[in-house]
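What follows is a set of notes on a single structure, which appears directly below.
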Amino acid sequence: MRIVNTFISDGGELPAYTQISLAQARKTNPDVTIDFICKDDQSFFKDIGVNWIPQDSLKDGTTLKEFNNLCWFKRHGTPNTTHPSPELFWHRTCERIYYLSEYVDKNRLYDVFHFENDVLLYHDLDGVPQANRISLTPMSVDQVTFAFVHVPMPALIVYLCKFLNEALAIGEEGLIQRFGFDHVSEMSLLHIANKCEMFEAFKTVPEIGEKDFVFDPGSYGQYLGGTNNGHESGFTDPKHVIGALLRNNKIGAEFTDKPYAIGSDGIKHPIFNLHVHSKNLEGFVNV
């Protein structure tokens, strides 16, 4: 088992919240190998036992090159926010999946976890339910996030990237017409893959009578910590499955020592990972 995370960019220091996320992962999983793919080595990597994987060592991968030849994502992302999205934001968020694939396949890595840089872990990865397919976190009826992912074997993520390239080859207008998206991003492409039964879905909503983990695609973190777009805590997105349930008081969520989802029966379910969209991770590191 290992963690392999990514920040694909043109270089420089990583955002401060990335260090908080990695330090929390080390605290909750002290013996797990953590590899991080990025352009430049970071001064804090050695302090918390993170192995730097040079981004440029993977740039010549065949599937990655095909992605960069095919990809027509040119959107900036969301400007004018607390942490503005950089240029080519949509391109980079999808491209990281290919870098992850190149590294996992090149080194024949099994049992790999990946999570986004504004995500905090609260429990031992040994407790994560595992399947024979990639597992990740659906967010809405047409979006699946890469917020928290388990890759059991290299062939699966290699196949995923080839599948995404085939989808990209259809073109933006073709995908919008075929699937009804208002725009195309890696979240909508992952939704297409999910519809083709390429994934297992981590449980995101508490079930009556159960006490097991739930996983956050982004909605619990928005509710507890607000968003990067100026929303305060208590925000819910009605397009999100979790957001709609929170908005209609079908479920609840709270942060005490750790985050919990509260089922309709009042039972607390530990949230394994909190996706802190606001990037204010320091308020949620009490473990």
Side-chain angles (χ1 to χ4, degrees), residues 1-12 14-15 18 21-22 32-42 45 50-75 77 85-117 119 132-137 144-172 175 184-194 196 198-199:
M1 176 195 301
R2 74 173 60 204
I3 294 167
V4 181
N5 283 0
T6 60
F7 191 93
I8 307 307
S9 71
D10 294 326
L14 298 179
T18 302
S21 173
L22 290 170
V32 172
T33 298
I34 303 179
D35 299 334
F36 200 97
I37 303 168
C38 61
K39 184 74 171 180
D40 299 321
D41 198 0
Q42 305 292 307
F45 279 173
V50 172
N51 304 313
W52 173 47
I53 309 302
Q55 178 181 312
D56 287 348
S57 68
L58 304 167
K59 65 181 181 180
D60 293 328
T62 302
T63 310
L64 173 59
K65 281 187 171 181
E66 183 180 2
F67 164 78
N68 282 311
N69 288 331
L70 279 169
C71 188
W72 29 259
F73 292 154
K74 300 299 179 186
R75 291 187 179 85
S85 302
E87 292 184 11
L88 296 180
F89 175 76
W90 292 117
H91 184 108
R92 296 298 198 197
T93 57
C94 197
E95 189 180 26
R96 63 183 165 161
I97 303 174
Y98 293 80
Y99 273 94
L100 177 64
S101 175
E102 295 293 348
Y103 181 65
V104 167
D105 186 45
K106 180 179 180 180
N107 294 279
R108 307 308 299 160
L109 300 179
Y110 289 72
D111 197 12
V112 169
F113 288 91
H114 177 283
F115 50 91
E116 295 183 353
N117 296 301
V119 166
N132 292 324
R133 296 188 290 180
I134 294 175
S135 299
L136 37 62
T137 46
V144 175
T145 76
F146 217 64
F148 185 79
V149 183
H150 178 247
V151 181
M153 61 186 69
L156 295 175
I157 193 162
V158 171
Y159 180 70
L160 169 62
C161 288
K162 291 179 179 178
F163 178 91
L164 296 181
N165 281 346
E166 291 176 2
L168 286 166
I170 295 172
E172 184 172 26
L175 290 171
V184 180
S185 69
E186 99 281 359
M187 292 186 289
S188 46
L189 292 176
L190 289 172
H191 166 72
I192 297 171
N194 193 31
C196 293
M198 294 177 63
F199 300 131

Among residues two or more places apart or on two chains, list those pairs meeting salt bridge (Lys or Arg N to Asp or Glu O under 4.0 Å) that have a residue in residues 50-67.
-> Lys39-Asp56, Asp60-Lys65
Straight-line distance of Ile8 CD1 to Leu100 CG, nearest 0.5 Å | 9.0 Å
Any chance you could measure Leu109, atom CG, to Asp35, atom CG, to the nearest 0.5 Å?
-> 7.0 Å
Leu189 vs Cys94, side chain to side chain contact (heavy atoms under 4.5 Å, CB included): CA-CA, chis, key distance, verdict | CA-CA 9 Å; Leu189 292 176; Cys94 197; 4.1 Å; yes
First locate atom CG of Asn117, then atom OG1 of Thr18, and finally report the distance between them rounded to the nearest 0.5 Å.
-> 4.0 Å
Check the side chains of Asn68 and Tyr98 for a donor-acceptor pair under 3.5 angstrom, ignoring hydrogens and angles.
-> no
Any residue meeting side chain to side chain donor-acceptor pair (under 3.5 Å) with Thr6, in chain and number order, not counting sequence neighbours = His114
In chain order, what residues pass the ring-ring contact (aromatic ring centres under 6.0 Å, His included) check against Phe115, with sequence neighbours excluded?
-> none
Can you give the donor-acceptor pairs under 3.5 Å from side chains of residues 151-162 to other protein atoms, not counting sequence neighbours?
none

Check: Asp105 and Arg108 side chains under 4.5 Å, non-hydrogen atoms = yes
Val144 and His191 have their tightest heavy-atom pair at CG2-CA, 3.8 Å
Hits for ring-ring contact (aromatic ring centres under 6.0 Å, His included) against Tyr99, two or more places apart or cross-chain, chain-then-number order -> none
Side chain to side chain, Ile134 and Met198, heavy atoms closer than 4.5 Å = no
Taking every heavy atom of Leu175 against every heavy atom of Ala167, the minimum-distance pair comes out as CD1-O, 3.5 Å
Under the side chain to side chain donor-acceptor pair (under 3.5 Å) test, which residues partner Asp111, sequence neighbours left out?
-> Gln130, His150
dist Phe7:CZ -> Arg92:CZ (nearest 0.5 Å) comes out at 9.5 Å
Least distance between heavy atoms, Lys106 atom then Leu58 atom | CD-CD2, 4.1 Å
Correct closest heavy-atom pair for Thr145 and Leu136 would be O-CB, 3.9 Å
